[in-house]
Amino acid sequence: MSFASTGCAQFIASRNGRLLRIVAGLALIAGGIALRDSAAGTILMVVGVVPLAAGLFDFCLLSPLLGGPFSGARIRACRT
């Protein structure tokens with residue numbers, strides 16, 4: 001069984017999973033803006049772009065590392 005067919009991957013690629021990544025990215029960016037005068041704030045803003053982009057553009061960075069496809073659509077196609 002590949003990672004793409006697991007429940008975790010299917011959730012990440014689902015509408016709710018994408019929404020969760022978008023919200024998490026926005027929250028990290030907002031936290032970074034609140035701390036914008038420090039290095040931690042800058043790091044939070046930069047790190048927040050990753051889940052935000054992943055949710056908006058429907059990709060999963062974790063999946064290829066675990067042997068699955070990069071595209072959310074291809075992950076959803078691997079449903080068991």
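Keep in mind that the numbers below use all heavy atoms, side chains included, and drop hydrogens, waters and symmetry copies. Being a predicted model, the structure only gives us computed values, none of them experimental.
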Seminar exercise, completed: In terms of heavy-atom contacts, Ser2 and Ser5 come closest through O-OG, 3.0 Å
Exercise. For the hydrophobic clusters of this structure (ILVMFWY residues joined by side-chain heavy atoms under 4.5 Å, transitively), does one cluster hold both Val50 and Met45?
Worked result: yes
Problem set entry | Heavy-atom donor-acceptor pair, Ser63 side chain to Cys60 backbone, under 3.5 Å | no
For this session: Using the test side-chain contact (heavy atoms from CB on, under 4.5 Å), find all partners of Leu20 that sit at least two apart in sequence or belong to another chain.
Result: Phe11
Exercise. Under the salt bridge (charged side-chain N to carboxylate O under 4.0 Å, His left out) rule, what pairs show up with a residue in residues 45-56, not counting sequence neighbours?
Worked result: none
Problem set entry | Under the side chain to side chain donor-acceptor pair (under 3.5 Å) test, residues paired with Arg76 that sit two or more places apart | Asp58
Exercise. Minimum heavy-atom separation for Pro64 to Pro69, with atom names?
Worked result: CD-O, 4.0 Å
For this session: Could I get the full list of side-chain contact (heavy atoms from CB on, under 4.5 Å) partners for Ala53, not counting sequence neighbours?
Result: Phe57, Phe59
For this session: Identify the two heavy atoms, one from Pro51 and one from Gly25, that lie closest to each other, and give their separation to 0.1 Å.
Result: CG-CA, 3.7 Å
For this session: Give, for atom CD1 of Ile29 and atom CG of Leu52, the distance between the pair rounded to the nearest 0.5 Å.
Result: 5.0 Å
Exercise. Who pairs with Asp37 by side-chain contact (heavy atoms from CB on, under 4.5 Å), at least two apart in sequence or on another chain?
Worked result: none
Exercise. Hydrophobic cluster mates of Leu19, side-chain heavy atoms under 4.5 angstrom, ILVMFWY only, any path?
Worked result: Val23
Problem set entry | Within residues 22-33 or reaching into it, pairs that qualify as side chain to side chain donor-acceptor pair (under 3.5 Å) - sequence neighbours excluded | none
Problem set entry | Closest non-hydrogen atom pair, Arg36 against Ile33 | NH1-O, 2.8 Å
For this session: To the nearest 0.5 Å, tell me how far Ile22 CD1 sits from Leu56 CG.
Result: 4.5 Å
Exercise. Considering residues at least two apart in sequence or located in another chain, which fulfil the side-chain contact (heavy atoms from CB on, under 4.5 Å) criterion with Ala9?
Worked result: Phe3, Thr6, Ile75
For this session: Sequence neighbours left out, what pairs pass ring-ring contact (aromatic ring centres under 6.0 Å, His included) with at least one residue falling in residues 13-54?
Result: none
Exercise. Is it true that Leu61 and Val49 fall in one hydrophobic cluster, defined by side-chain heavy atoms closer than 4.5 Å?
Worked result: yes
Exercise. Restricting to pairs with a member in residues 13-37, which pass ring-ring contact (aromatic ring centres under 6.0 Å, His included), not counting sequence neighbours?
Worked result: none
Problem set entry | Pair listing, side chain to side chain donor-acceptor pair (under 3.5 Å) test, anchored in residues 11-33, at least two apart | none
